[in-house]
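Following: one structure in structure tokens, then a few remarks.
Side chains included, hydrogens not; waters and symmetry mates left out as well; all remaining heavy atoms used. Because the structure is a prediction, the values reported are computed rather than measured.
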Amino acid sequence: MTTDHRIGPPHAGSERETLRAFLDHQRATLAMKCEGLGDEQLREKSMPPSTLSLLGLVRHMAEVERAWFRRVFEDGEAPMVWSDTIDFQAAYDASRSTRAEAFAAWETEVENSRRIELEAASLDLTGHQPRWGEDVSLRMVMVHVLLEYGRHNGHADFLREGVDGTVGA
């Protein structure tokens with residue numbers, strides 16, 4: 001794997017600065033796990049019957065970003081990236097996907113999420129989570145997405161190790 005260029009979260013800061021930094025650190029971790037790999041390597045699955053691959057994780061996290069930021073705070077009817085229904089599993093099928101396609105979608109959703117967070121007056125901003133039928137705060141969304149990245153970056157460690165024998169950071 002390449003050199004670690006991630007910026008770590010602050011050791012002291014406001015709640016919002018800390019959440020933002022931890023979320024960006026986890027986003028950078030996913031990108032780092034995929035560095036230096038081509039389409040075929042990114043599509044390598046962990047083991048049957050799993051369909052999990054690094055490229056599938058990138059696609060899935062694009063869906064997570066869209067579902068939790070854009071659909072909650074801007075447009076509850078915004079379509080998912082790879083599913084006509086709200087099927088997060090569809091993103092895992094990266095068999096015909098490319099690095100360019102998956103990363104372009106993911107980076108677009110990350111930038112939308114960052115914009116939404118930066119434009120919000122506070123972490124107390126609420127939006128409607130259409131899948132739950134409930135209002136949720138920006139604070140809750142940031143923590144939820146941070147936990148999603150943490151969980152999936154653990155999978156990314158395993159997947160990267162299977163591709164080139166490295167152990168995660």
Side-chain angles (χ1 to χ4, degrees), residues 6-34 42 46 50-94 97 99 101-160 168-169:
R6 297 172 298 168
I7 298 171
H11 295 166
S14 72
E15 177 186 19
R16 190 166 187 173
E17 290 168 330
T18 302
L19 285 172
R20 181 186 299 140
F22 267 105
L23 189 50
D24 279 340
H25 188 264
Q26 289 295 320
R27 289 167 173 152
T29 298
L30 180 58
M32 185 180 76
K33 299 298 177 189
C34 298
L42 289 168
S46 59
S50 176
T51 60
L52 193 60
S53 69
L54 284 166
L55 204 55
L57 285 178
V58 172
R59 289 167 47 105
H60 175 72
M61 292 313 298
E63 296 286 33
V64 168
E65 294 271 1
R66 180 175 284 200
W68 283 98
F69 284 94
R70 193 183 304 198
R71 286 178 55 88
V72 168
F73 297 108
E74 287 188 337
D75 179 5
E77 298 298 319
M80 299 303 285
V81 184
W82 287 283
S83 171
D84 293 335
T85 62
I86 310 299
D87 179 7
F88 285 87
Q89 300 303 310
Y92 286 129
D93 181 7
S97 185
R99 175 188 196 90
E101 174 237 10
F103 272 84
W106 178 63
E107 289 165 358
T108 295
E109 294 309 320
V110 166
E111 287 310 310
N112 281 323
S113 298
R114 285 183 178 135
R115 177 187 49 76
I116 290 165
E117 184 269 320
L118 287 169
E119 290 174 356
S122 80
L123 292 175
D124 294 325
L125 172 73
T126 59
H128 187 74
Q129 176 33 277
R131 289 184 73 203
W132 293 356
E134 295 180 24
D135 288 347
V136 295
S137 70
L138 177 58
R139 177 182 295 103
M140 183 271 165
V141 167
M142 290 180 76
V143 169
H144 179 84
V145 174
L146 176 60
L147 292 171
E148 283 276 331
Y149 273 103
R151 181 167 57 102
H152 292 304
N153 282 337
H155 300 311
D157 281 340
F158 173 75
L159 290 163
R160 180 67 192 229

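- Between Val145 and Leu23, the closest side-chain pair of non-hydrogen atoms falls below 4.5 Å.
- What you find for Val58 and Ala102 is that their closest heavy atoms are CG1-O, 3.8 Å.
- Atom-to-atom distance recorded for Leu57:CG and Glu148:CD is 10.5 Å, nearest 0.5 angstrom.
- A salt bridge links Glu111 with Arg114; the closest basic N to acidic carboxylate O contact falls under 4.0 Å.
- No more than 12 heavy-atom neighbours from other residues, nucleotides or ligands sit within 6.0 angstrom of CD1 on Ile7.
- With a 4.5 Å cut-off on side-chain heavy atoms, Thr18 and Pro10 count as touching.
- For Glu107, there are no salt bridge (Lys or Arg N to Asp or Glu O under 4.0 Å) partners, not counting sequence neighbours.
- Nearest heavy-atom pair, Arg70 versus Ala78, reported as atom, atom and distance to 0.1 Å: CD-CB, 4.1 Å.
- Inter-residue side-chain proximity for Phe73 and Leu138 is flagged as met; some heavy-atom pair is nearer than 4.5 Å.
- Counting only residues at least two apart or on different chains, the salt bridge (Lys or Arg N to Asp or Glu O under 4.0 Å) pairs with a member in residues 119-129 are Arg115-Glu119, Asp124-Arg139.
- For Arg131, the salt bridge (Lys or Arg N to Asp or Glu O under 4.0 Å) test picks out no residue, with sequence neighbours left out.
- Within the 4.5 Å cutoff, the side chain of Glu109 has no heavy atoms near those of the Glu63 side chain.
- Contact annotation: the side chain of Gln26 approaches that of Leu146 to within less than 4.5 Å [non-hydrogen atoms, C-beta and beyond].
- The minimum heavy-atom distance linking Cys34 with Leu42 is given by the pair CB-CD2, 3.7 Å.
- Considering every non-hydrogen atom in both Gly56 and Ala94, the closest pair reads N-CB, 3.8 Å.
- How far CD of Glu15 is from CG of Leu123: 5.0 Å, rounded to the nearest 0.5 Å.
- Between Pro79 and Arg66, the closest side-chain pair of non-hydrogen atoms falls below 4.5 Å.
- For Glu65, the side chain to side chain donor-acceptor pair (under 3.5 Å) partners are Arg27, Ser113, Tyr149, not counting sequence neighbours.
- Here the side chains of Val141 and Gln129 are not in contact, with every heavy-atom distance at 4.5 Å or above.
- The CG atom of Leu52 sits 12.0 Å away from atom CG of Asp93, with the distance rounded to the nearest 0.5 Å.
- Here the side chains of Thr29 and Lys33 are in contact, with some heavy-atom distance below 4.5 Å.
- Taking CE of Met142 as the start and CD of Glu117 as the end, the distance is 4.0 Å to the nearest 0.5 Å.
- Considering every non-hydrogen atom in both Leu125 and Ala120, the closest pair reads CD2-CB, 3.6 Å.
- With sequence neighbours excluded, the residues forming a ring pair (Phe, Tyr, Trp, His ring centres under 6.0 Å) with His144 are Trp68, listed by chain and number.
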Before you tell me yes or no, could you show the steps for Met80 and Arg71 under side-chain contact (heavy atoms from CB on, under 4.5 Å), namely the whole-Å CA-CA distance, both residues' side-chain angles and the distance that decides it to 0.1 Å?
CA-CA 9 Å; Met80 299 303 285; Arg71 286 178 55 88; 3.7 Å; yes
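- Counting only residues at least two apart or in different chains, ring pair (Phe, Tyr, Trp, His ring centres under 6.0 Å) contacts with residues 105-130 comprise Phe103-Trp106.
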